Amino acid sequence: MSFDVSRIRAEFPILAREVRGVPLVYLDNAASSQKPRAVIDAVSHYYEHSNANIHRAVHALSEEATGLYEGARTKVADLLGAASAQEVVFVRGTTEAINLVAQAFVRPRIAEGDEILVSHLEHHSNIVPWQMLCEQTGAVLRVAPIDDRGEIPLEGYAKLLGPRTRLVALGHVSNALGTIVPVQEMVRLAHDHGAPVLLDGAQAVPHLRVDVQDLDCDFYAFSGHKVYGPTGIGALWGRAELLDEMEPYQGGGEMILSVSFDKTVYNKVPYKFEAGTPNIAGAVGLGAAADWLRAHDFGALMRHEDDLLDYATQRAAEVPGLRVIGTARRKTGVLSFVLGDIHAHDVGTIVDREGVAVRTGHHCAQPVMDHFGVPATTRASFAAYNTRQDVDQLIAALHKVLEIFGE
Amino acid sequence: MSDLSDLYQEVILDHSRKPRNKGALENASGRAEGSNPLCGDELTLWVAVEDGVVREARFEGHGCAISTASASMMTEAVRGMTIAEARALFERFHSSLLSGPGSEIDVSDLGKLASLTGVREYPMRVKCASLAWHTLNAALDGGGETVTTE
């Protein structure tokens, strides 16, 4: 299967629209990707044909909806290389998955003075839940340093592992810089110290082949909307034996087997963690996105995105005053940069008028910005449907910024 | 469709490159901090008020061209105004920023500040222009808590 970007583009209806009178160039994929027709249709079809609550009634629609929801769980399990669909918990997204692990897994197992280890690269959603947990329990948050390429040197990380490390929580790929973190090696080091590892895969699943068994991690979280699926749905994969021994996260319907005022018996995993009526349509859409990803030649998709990054990095070097932030040796398609003294929001506004959508700001990773001594960057991030022409338009728009600012 | 040159007028670029009244004010009677969490802009504003009149206003901080130019022009505009006049100017300026894309507004009484009202075409950027003014309001109240645009 070769990679034909025009055929891919044709699957994404939104790419046909114009923005501010010019064709859309969408380079904000690390924030949220666009959706292929297959995902949009799966969600509509669910509402038009099968909508009902799941796991409850004996009627036909409920049976269909349950089949679709559980089918989606299997598709997500396959996407992640999980041993069993029962290890996949549907959540709202990566953020909820991390909070779930913090409160249902770590909190009952942590004491004052124990440690949680993260890195300096993390997204706020892999920092704040741990800070909250530390406040609740007196545990200590340790932070593995990064270097000026935006990589996490293994020595610095390894030094922070110790007998009190109760969990290591690492982003698989940095959202702000695109750094691909050597998580397999880091998991091995953590396990040498008996510390379980949660990986935040929000930026990895859309761009890398993820196999949780190869990675040998203990938890893996990702969001649907960054992998061509709907918003409001994501998944937490966890090792069956860990999920089994965990406390529930929220109480409510679905997560119980029986309720009386004397004693409530919790449901088995993964239902124990899915209180209340879940986002059924979202799960169906996420299942369709997993199918969509698996139907394409992932190796070719990765090569395509690598080519875009190489091309963009090379063209960016031609722009006077442009400094790339994050030059890790292994990166996904993320080009984060500053342009002279021009503030990222001015850059963002001007390139938007040229039809180019980029993200500007701190990317919910303020510690990363602080490390590089910048308040904000402009970030272009690529997906399967982007082209070298998109990069050319970005570069032309950056020249427009320089022209307006007279630099 | 508004043109980018309406937003980034020469006078705005000039004030953002060479901000007036930048740097701390000794013997200020009021001081306030402002921040726009959305974009990370941070600003400290000092005012010296005597007999109900703003003798001087100065600022320090970092932000985009719009927020820097707005702070710079504001510190020029309010000098010599009574507190009531400065607050009235804030209301007048703020309402023109919030008038919405495509709105026809009379800015003839705003002087140089009129150049900033092109921001009304860019709803995501209105807070860039208003941050300094909210901070001024707080400084005139005597300061205290950090003002945020959120």
Side-chain angles (χ1 to χ4, degrees), chain A residues 18-23 28 31 123-124 127-128 176 321 325 336 338-379 396-407, chain B residues 1-19 22 33-44 59-72 97 101-102 115-132 148-150:
Chain A
E18 293 193 338
V19 168
R20 309 196 192 283
V22 281
D28 193 18
H123 186 283
H124 294 166
I127 298 173
V128 182
I325 305 291
S336 212
V338 291
L339 191 55
D341 291 334
I342 305 171
H343 194 281
H345 277 82
D346 296 316
V347 176
T349 293
I350 295 169
V351 304
D352 170 63
R353 292 282 146 161
E354 303 293 303
V356 181
V358 292
R359 172 75 193 272
T360 56
H362 53 57
H363 316 294
C364 293
Q366 283 179 330
V368 175
M369 300 294 112
D370 291 344
H371 176 85
F372 288 97
V374 293
T377 72
T378 302
R379 180 187 68 186
L398 293 177
H399 281 289
K400 173 94 182 176
V401 176
L402 293 177
E403 188 190 307
I404 286 178
F405 274 78
E407 296 195 8
Chain B
M1 175 59 52
S2 74
D3 195 73
L4 275 168
S5 56
D6 289 343
L7 181 63
Y8 292 104
Q9 294 181 29
E10 195 45 51
V11 60
I12 293 177
L13 294 172
D14 176 54
H15 275 263
S16 78
R17 287 194 200 102
K18 292 178 299 212
K22 191 148 187 224
E33 310 273 341
S35 84
N36 180 347
L38 182 73
C39 55
D41 286 2
E42 283 171 349
L43 182 114
T44 305
F59 77 103
E60 188 59 84
H62 59 83
C64 63
I66 304 298
S67 82
T68 304
S70 182
S72 171
L97 292 182
S115 64
L116 284 162
T117 60
V119 174
R120 70 184 185 282
E121 300 293 337
Y122 300 79
M124 305 293 281
R125 302 298 302 279
V126 165
K127 288 170 179 172
C128 306
S130 64
L131 174 64
T148 85
T149 52
E150 294 305 297

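Bear in mind that the values here come from a model prediction, so they are computed numbers and not experimental data. Below, all heavy atoms of this structure are taken into account, side chains as well, without hydrogens, waters or symmetry copies. All chains are named by letter (A, B, ...) in the order of the sequence lines, taking the proteins before the strands, and each is independently numbered beginning at 1.
- Partners of Asp14(B) under the side chain to side chain contact (heavy atoms under 4.5 Å, CB included) rule, at least two apart in sequence or in another chain, are Lys18(B), Arg20(B).
- Interface remark: Glu403(A) contributes no atoms to any contact with chain B (heavy atom separation under 4.5 Å).
- Using a 4.5 Å cut-off between heavy atoms, His345(A) touches chain B through backbone and side chain atoms alike.
- Only the side chain of Leu7(B) comes within less than 4.5 Å of a heavy atom in chain A; its backbone stays farther off.
- Distance check, rounded to the nearest 0.5 Å: CG of Asp346(A) to CG of Asp341(A) gives 11.5 Å.
- His62(B) NE2 to Asp41(B) CG: the interatomic distance, rounded to the nearest 0.5 Å, is 7.0 Å.
- Put simply, CG on Asn36(B) and CZ on Arg125(B) are 9.5 Å apart, with the number rounded to the nearest 0.5 Å.
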